[in-house]
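Structure record follows, encoded as structure tokens.
For the numbers below, each heavy atom of this structure counts, side chains included, while hydrogens, waters and symmetry mates do not. So that the names make sense, note that chain A is the first sequence line, chain B the second, and so on, each numbered from 1.
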Number of protein chains: 2
Amino acid sequence: MTRDVHPRILIVEDEKDIVQVLEFALRQAGFETVSARDGGEAFARIREKAPDAVILDLMLPDISGTEICRQLKGNARTATVPVIMLTARSEEVDRVVGFELGADDYITKPFSVREVVLRVKAILRRGVAGEAPPREQVGPIRLDTEAHRVFVDSQEVDLTALEFRLLETFMARVGRVQTREQLLRDVWQMTGELQTRTVDTHVKRLREKLGSGRDLIETVRGLGYRMSDPAEK
Amino acid sequence: MTRDVHPRILIVEDEKDIVQVLEFALRQAGFETVSARDGGEAFARIREKAPDAVILDLMLPDISGTEICRQLKGNARTATVPVIMLTARSEEVDRVVGFELGADDYITKPFSVREVVLRVKAILRRGVAGEAPPREQVGPIRLDTEAHRVFVDSQEVDLTALEFRLLETFMARVGRVQTREQLLRDVWQMTGELQTRTVDTHVKRLREKLGSGRDLIETVRGLGYRMSDPAEK
DNA sequence: GGCATTTGTGACGGGAGCGTGACGCGAGTG
DNA sequence: CACTCGCGTCACGCTCCCGTCACAAATGCC
């Protein structure tokens, strides 16, 4: 893994059109791209030079994407390379499978190119970092997971279960941008396709309860939201 | 048991895929992992160095997981190591059996990796099922476990056996939210699928007897119930 | 500056979650 | 056998929360 100015993205996908579109968009966005039509090619490309991230179609001519993913994640040298799964079916089963295999993100077809680029950026930014437990204290906010209580300036504030989970998620990833899609996955468990605006509303409510004065949760236009520690600057 | 920065988790499971996936996820989450394919290997690993927790498949090639669990729990040196059972069948019978054997938690296949990681964290946090003994006094309530009596403001109240166990459970975990599922497990021993609303009813009765005025047992909407010490704030 | 896109915000309707009272059953007791 | 007591279940009603919408504000782009 090189991680220089132009991260190298490997696209494993047999449909030529899709590859072309993705390569164009990713290069536009400043990435270096390589592509493979099937599993064999994919491993060859990886052997040449490990990519910084892999976009992996679930359905491939020879071995399935799941198998590739499993092998990638099983190998110490490549286990840390983030994998984004492309899947045609949006059933929850497939997604879970994807995650059970260790994929780091997934996108269902049809997808917007814009979305893919955002996901790639997001995943490179956050690294493959596994779920860290939430920080207990960030700025004036203290979170007691066991008791399920939140204090701002040692003053308890009442949050609903959902708001609590949302805050928990932010505090587990302090300093990193969370896309609406990530939040929908982690907080809402993504059951049955939700409007993304739902996230906005709940961020608003959370902001209100945490004290609207200070902006503890920042908006990152075009991407999502972020909570940063005022101490780390 | 070492309990340093990276708790050691032993995975006993014969299916290689599952082992691989679990090892990856747990390592991501900051655990050290060891695995064993059968009972013999499992005991060998344990002899080398006792793990901080064991994830144990019920179905194994040589001796069954139940037998391993029984032996673990029967041995003084390993009795305190928490065991999480993996079971393919979700029938209640198996669960009970699991608990009768002394397993500390169980997960039914298919499971999400996320869930496994969460359970492992939870079980390490709370320590072995060897729960802390209940507090004697919380606010105005005094609990005499031996004599099986309860006093509120030094005024005795009589509780039924079930109510007593419920109160005991709350007082053993003061300040922590208890979900209905947890309560069903700990108080009701989860015999044969109970309605969760049963918990509500008994909490109501308990509240009544403890004096409905003060809210000694709080409702945490969407989650469960919590008893907190008014002194600790 | 004008336009398009993204985000903030207030309001609202439906529904989930919970408190509560009542009921029936079974076990124990006289 | 009649009575009591404890427990699990149910149904009703109420409150609060959540998802969505429509519109305002803000931001970015040409």
Side-chain angles (χ1 to χ4, degrees), chain A residues 28 112-115 117-118 148 150 157-167 169-170 177-227, chain B residues 92 148 150 157-169 177-227:
Chain A
Q28 281 297 86
S112 78
V113 175
R114 184 181 139 79
E115 192 187 357
V117 175
L118 287 179
H148 218 262
V150 178
V157 291
D158 253 6
L159 298 187
T160 67
L162 192 69
E163 288 160 357
F164 192 89
R165 286 223 300 283
L166 183 56
L167 177 60
T169 307
F170 277 119
V177 175
Q178 305 288 98
T179 66
R180 289 175 178 73
E181 289 73 23
Q182 271 171 35
L183 292 170
L184 283 172
R185 258 219 332 262
D186 298 342
V187 179
W188 277 260
Q189 255 65 254
M190 200 69 155
T191 49
E193 298 300 334
L194 235 47
Q195 302 283 40
T196 55
R197 295 307 309 273
T198 301
V199 177
D200 299 40
T201 304
H202 283 274
V203 166
K204 170 197 183 298
R205 288 173 185 158
L206 188 54
R207 278 171 168 163
E208 248 170 21
K209 292 198 182 179
L210 295 180
S212 19
R214 36 216 154 179
D215 22 319
L216 296 163
I217 301 170
E218 310 154 69
T219 305
V220 182
R221 198 185 166 83
L223 264 179
Y225 297 96
R226 173 181 54 204
M227 175 166 190
Chain B
E92 201 49 37
H148 222 263
V150 179
V157 293
D158 55 55
L159 301 185
T160 67
L162 191 66
E163 287 161 357
F164 191 85
R165 285 225 299 284
L166 182 56
L167 177 59
E168 224 178 359
T169 306
V177 173
Q178 307 284 85
T179 66
R180 289 175 177 73
E181 288 70 26
Q182 271 170 37
L183 292 170
L184 282 173
R185 265 219 325 262
D186 298 343
V187 179
W188 278 260
Q189 285 10 288
M190 198 72 152
T191 49
E193 292 298 338
L194 235 46
Q195 301 286 37
T196 55
R197 296 305 310 270
T198 301
V199 177
D200 299 39
T201 304
H202 283 274
V203 166
K204 170 197 183 298
R205 290 173 183 157
L206 188 54
R207 277 173 169 164
E208 253 169 18
K209 293 198 182 179
L210 296 180
S212 19
R214 35 209 147 191
D215 24 321
L216 297 163
I217 300 170
E218 308 154 74
T219 305
V220 183
R221 191 177 230 268
L223 268 176
Y225 296 98
R226 173 184 57 200
M227 177 170 186

I'd like to check B:Leu206 versus B:Met227 (side-chain heavy atoms, cut-off strictly below 4.5 Å). Are they in contact?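 B:Leu206 does not reach B:Met227 side chain to side chain.
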Spacing between A:Leu206 atom CG and D:dC17 atom P, to the nearest angstrom: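 For the pair A:Leu206 CG and D:dC17 P, the rounded distance is 14 Å.
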Mind calculating the distance between CG (B:Asp200) and C1' (D:dC10) to the nearest angstrom?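 In whole Å, D:dC10 C1' and B:Asp200 CG are 13 Å from each other.
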Who pairs with B:Glu168 by salt bridge (Lys or Arg N to Asp or Glu O under 4.0 Å), at least two apart in sequence or on another chain?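 Testing B:Glu168 for salt bridge (Lys or Arg N to Asp or Glu O under 4.0 Å), a comparison that skips the adjacent residues, returns none.
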For nucleotides 21-30 of chain D, just jot down a letter per nucleotide in 5' to 3' order: B, S or -, based on protein non-hydrogen atoms under 4.0 Å. S-----BS--
Checking side-chain contact (heavy atoms from CB on, under 4.5 Å) between A:Leu166 and each of A:Leu159, A:Asp186, A:Leu183, which is the one that passes?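 Of the listed options, the one satisfying the test is A:Leu183.
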Find every protein N or O atom lying less than 3.5 Å from an N or O atom of nucleotides 5-7 of chain D, and list the pairs.
{"from": "D:dC7", "atom 1": "OP1", "to": "B:Thr160", "atom 2": "OG1", "distance (Å)": "3.3"}
{"from": "D:dC7", "atom 1": "OP1", "to": "B:Leu162", "atom 2": "N", "distance (Å)": "3.3"}
{"from": "D:dC7", "atom 1": "OP2", "to": "B:Thr160", "atom 2": "OG1", "distance (Å)": "2.5"}

Using modelled atom types and a 3.5 Å cut-off, is there a donor and acceptor pairing between side-chain atoms of B:Arg205 and backbone atoms of B:Glu163?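 No, the answer is negative, given that no donor and acceptor are paired below the 3.5 Å cut-off.
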So, B:Lys209 side chain and B:Val157 main chain: donor-acceptor pair closer than 3.5 Å or not?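 A pair under 3.5 Å: no.
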When you list every nucleotide of DNA chain C with an atom under 4.0 Å from a heavy atom of chain A, which one comes first 5' to 3', and which comes last?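 Counting from the 5' end, contacts occupy C:dT5 to C:dA11.
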5' priority, DNA chain C, between A:Val220 and B:Gly224 [closest heavy atom]: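 Closest to the 5' end, via its nearest nucleotide, is A:Val220.
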For B:Leu223, all residues meeting side-chain contact (heavy atoms from CB on, under 4.5 Å), sequence neighbours excluded: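 Applying side-chain contact (heavy atoms from CB on, under 4.5 Å) to B:Leu223 gives A:His148, B:Val177, B:Val220.
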Pairing residues for B:Thr196 by the side-chain contact (heavy atoms from CB on, under 4.5 Å) criterion, not counting sequence neighbours: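 Per chain and number, B:Thr196 pairs via side-chain contact (heavy atoms from CB on, under 4.5 Å) with B:Arg180, B:Glu181, B:Leu184.
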Got a second to check how far A:Thr179's OG1 is from A:Tyr225's OH, nearest 0.5 Å?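 Here the interatomic distance stands at 11.5 Å.
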Compute whether any side-chain donor of one residue and acceptor of the other, for B:Thr160 and B:Arg165, lie under 3.5 angstrom apart.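 No.
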As a quick check of understanding, evaluate side-chain contact (heavy atoms from CB on, under 4.5 Å) for A:Trp188 and A:Leu162, giving each step before the final call. CA-CA 8 Å; A:Trp188 277 260; A:Leu162 192 69; 3.8 Å; yes
